[in-house]
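This report refers to the structure that appears directly beneath it.
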Amino acid sequence: MKHTKLLHAVFVITALLSLAVAGNPTRTAMANTSPQNDLNATLLAAPVVSSWSVSPWAAPADGSSQVNLTVTVNDPDGDLASVTVDLSALGGEVRAALYDDGVHSDGGVHDGLYGLVTVMPSGVPTGEIPLTLTAADTQGNQTVVYLGTFALLSPTSAAWPDSLPEHMGWGTNEEEWQGDTGLPWNYLSHFLTWTWPEWGEDFVDRFVQSAWSRNEVPILTFDMLLSAADCGSLPEKECDYAHLQDSTIMSGYFARVTEAAIQAQGDQPVIFHIESDASAYMQRYSIENNGQGGVVADEPDTIPAKSLSSAYPNTYAGVIQRVVDIIHTNAPNALVALHVRTWATGMDVAASTNPDLDVVSISQRTAHFLTEAGGPNLDLLLTDWKVWDAGSGNSPWWDNTNRELPHYSRILYWQNQIVAASNLSLILWKVPAGNMELDNTCQRYQDNRVDYAFDHPLDLMSAGIRAVVVGGGDGCRTLPSTDEDNIFEKGTTFYTQPATPISFSAVTTGAPGVVRLSWQPSSEFDVLDYQVYIGTSPQNLSLYMDVQRQTAMQLMLPDGGIWYVSVRSVDASGQASALAEPVMVMLDAPYKIMLPMVVH
């Protein structure tokens, strides 16, 4: 059965992240006037928050996305009074209580793991939300912990092309390595520079046919504008602009686009990615030359360029829209995408440490420029998380605990706002392939981006990202083939059917119709949610409800009598596990419930 609820989100804080990485909590003594030694003793007796994590760190304000919080808390004196989290900015309570009762996805009863289950309301303001936890005891001591920044996303309705895989998909830029893995990758990426027609006969045709033979979607990135002619010491932005004014170069450019599209004709999809840097450079050009020669900041139809056709204006927008139409005309099976750079407005969202950065305005300006340039026939946007491994020194490190900027909550919030403003879905492209086990030498540079992307599929999907392509480029960047099998092992997990939930139990509670369900959380990073099945016999079970990432709850069954209950997991690749062994429950009292209900 295919998983169809791709864009829901679950927000889970689980006991995984050690304070050695995340930092120390703040402890305060309340109403204490004793001498210093007594004060120190009181502080030592404050509750201890030992570990936590957040998954996902990003979820939409859509009225249905669950928020599950769990935190490990212990109190030296055994007098813990409350564990609360401030959810006021998420539409919840200032002091929302967490429970240790075994029914709030919090593990067992009184095991020190506290949980809370709630739902993201619709209509609340989106943004970057700091999450603060407070654990207090009966003596008035409390421990306050900044957990990190959560991205409350805008719900989006951006369409995903029917010709592309409906589930989350992955790919790389290494064709031979990708084929040798034996995994069913979904995408394969390659650059086309100015000289691509010289790469042997019908290079594009050979490349797309090879990808299609493995059921992969080829992504071809035009990197032709900058490489069309030598610009000497001219900066890349000025070089791109100069080439756009050169009729000879633009004639050759359109000819190469046309030939590539003709060679890509077929009955399977291919994505043409138009110039990864040019649109960002031209937006920067419009900002820097605002008011000069009719140029208006952020308006691609005011930037001079040679479209070489009376059907299109001689502007950057005219050039891009002609490219879009050439591709669609000559390859009806093709999709066309422009690229979203984090630095297009001059303020680099991916590097900024400014907590007050106006992310929404930046994203709206960039989305406006790209949609105006591409016109109504643009199909997709590609984006990136920087293209160099951070260990090389060429890209900033991002905090994967989301406690310090720059971090992933911000970049996903920015990308979500791009999707909301453009109404176009995203493919995350050229993700650095490094991991933290490498030694920071050539092609073995460290980074945490690819692991974050694999480990947080729900964050990406909620933001509007439906596919990820890893690696690419030249120099000493880490490659999938040089990363000590990290991407291969992650990919193996992603494309393998998820394991059946274990330790599944279903017990009556004494309340009419109410059954307490629980099972062990999956250790697989790509499990998106769980589905509860019920029936009057173990051989006749049907889907009762999708409970997202809850692993403990009280469920009300629809009628009295004997019922069999089971659960299965569903992952980001669209695969579902086998059902857990059904458990029989007997409900004595007659009653009738018309809809599935979870009792909190």
Side-chain angles (χ1 to χ4, degrees), residues 1-6 8-17 53-56 66 68 70 102-108 111 113 115 117 165-170 181-186 450-461 468 485-507 515-535 538-539 541-553 555 564-584:
M1 175 179 176
K2 289 287 186 179
H3 177 58
T4 57
K5 294 186 178 180
L6 288 177
H8 78 240
V10 187
F11 175 55
V12 186
I13 299 182
T14 47
L16 296 175
L17 178 62
S53 76
V54 178
S55 175
Q66 287 181 0
N68 299 349
T70 61
V103 295
H104 290 83
S105 294
D106 60 292
D111 62 355
L113 187 65
V117 179
E166 63 177 332
H167 54 76
M168 185 79 171
W170 282 79
T181 66
L183 296 175
W185 301 98
N186 303 105
V450 70
D451 281 341
Y452 197 94
F454 267 118
D455 293 345
H456 298 80
L458 198 52
D459 303 59
L460 274 63
M461 292 159 60
V468 182
D485 288 335
N486 181 58
I487 292 170
F488 169 70
E489 291 171 1
K490 293 277 189 177
T492 299
T493 298
F494 182 84
Y495 286 109
T496 299
Q497 180 185 22
T500 302
I502 62 174
S503 303
F504 174 66
S505 69
V507 296
V515 178
R516 179 178 292 127
L517 307 181
S518 66
W519 57 92
Q520 288 292 326
S522 173
S523 61
E524 298 170 53
F525 59 78
D526 61 332
V527 168
L528 292 184
D529 59 13
Y530 301 97
Q531 296 174 338
V532 173
Y533 279 70
I534 66 171
Q539 295 79 29
L541 301 178
S542 59
L543 178 63
Y544 188 51
M545 66 186 308
D546 185 322
V547 298
Q548 299 187 39
R549 283 188 175 177
Q550 292 187 77
T551 57
M553 70 207 69
L555 183 71
Y564 291 85
V565 186
S566 183
V567 66
R568 71 175 187 174
S569 56
V570 181
D571 69 15
S573 70
Q575 300 182 86
S577 74
L579 288 168
E581 183 70 23
V583 175
M584 185 188 75

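All heavy atoms count here, side chains included; hydrogens, waters and symmetry mates do not.
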Say you draw a straight line from CZ of Phe494 to CD1 of Ile487; how long is it, rounded to the nearest 0.5 Å? 13.5 Å

Hey, mind stepping through Val468 and Phe454 against side-chain contact (heavy atoms from CB on, under 4.5 Å) and telling me if it holds? CA-CA 9 Å; Val468 182; Phe454 267 118; over 6 Å; no

So, using side chain to side chain donor-acceptor pair (under 3.5 Å) as the criterion, who are the partners of Tyr564 when residues are at least two apart? none

Tell me, do Tyr530 and Ser569 make a side-chain contact under 4.5 Å, heavy atoms counted? yes

Identify the heavy atoms of Phe504 and Ala580 that sit nearest to each other, and give their distance. CB-CB, 4.0 Å

Exam field: side chain Gln66 to backbone Val547, donor-acceptor pair closer than 3.5 Å: yes

If we only count heavy atoms from C-beta on, is the Val450 to Asn486 side-chain gap below 4.5 Å? yes

Please identify each residue that fulfils side chain to side chain donor-acceptor pair (under 3.5 Å) with Thr551, with sequence neighbours left out. none

Pairwise distance CD(Gln575) to CD(Gln497) - rounded to 0.5 angstrom: 6.0 Å

Which residues pass the ring-ring contact (aromatic ring centres under 6.0 Å, His included) test with Tyr452, sequence neighbours left out? Tyr408, His456

Results of salt bridge (Lys or Arg N to Asp or Glu O under 4.0 Å) for Asp485 - residues two or more places apart only: none

For the student: nearest non-hydrogen atoms of Gly102 and Ala552, plus distance: O-CB, 3.2 Å

Distance col, row Trp519:CH2 vs Ser566:OG, nearest 0.5 angstrom, shows 9.5 Å

Give a yes or no answer on whether the side chain of Thr70 reaches the backbone of Asp106 with a donor-acceptor pair at less than 3.5 Å. no

Any side-chain heavy atom of Met168 within less than 4.5 Å of one from Leu460? yes

Using 0.5 Å steps for rounding, measure from the CG atom of Leu458 to the CD atom of Gln548. 8.0 Å

Would you mind reporting whether Phe488 and Leu183 have side-chain heavy atoms less than 4.5 Å apart? yes

What's the shortest heavy-atom distance between Asp571 and Pro498, and which atoms? OD2-CD, 3.2 Å

Asn68 backbone acceptor or donor facing Gln550 side chain under 3.5 Å: no

If you take all heavy atoms of Ala506 and Val565, which pair is closest and at what distance? CB-CB, 4.4 Å

Between Leu541 and Gly535 the two heavy atoms that sit nearest each other are CD2-N, 3.4 Å

Would Asp455 and Lys490 count as a side-chain contact (heavy atoms from CB on, under 4.5 Å) if you check the C-alpha gap in whole Å, the side-chain angles of each, and the deciding distance to 0.1 Å? CA-CA 9 Å; Asp455 293 345; Lys490 293 277 189 177; 2.8 Å; yes

Indicate yes or no: at least one non-hydrogen side-chain atom of Asp529 is less than 4.5 angstrom from one of Val570. yes

Below 3.5 Å, can you tabulate the donor-acceptor pairs from side chains in residues 520-527 to any protein atom, sequence neighbours excluded?
unit_1 : atom_1 : unit_2 : atom_2 : d
Ser522 : OG     : Glu524 : N      : 3.0
Glu524 : OE2    : Ala499 : N      : 2.8

Under the rule for side chain to side chain donor-acceptor pair (under 3.5 Å), what residues qualify as partners of Trp170, not counting sequence neighbours? none

Which heavy atom in Pro457 sits nearest to a heavy atom in Leu528, and how many Å separate them? CG-CD2, 4.1 Å

Considering only heavy atoms from C-beta outward, does the side chain of Leu555 approach that of Met545 to under 4.5 Å? yes

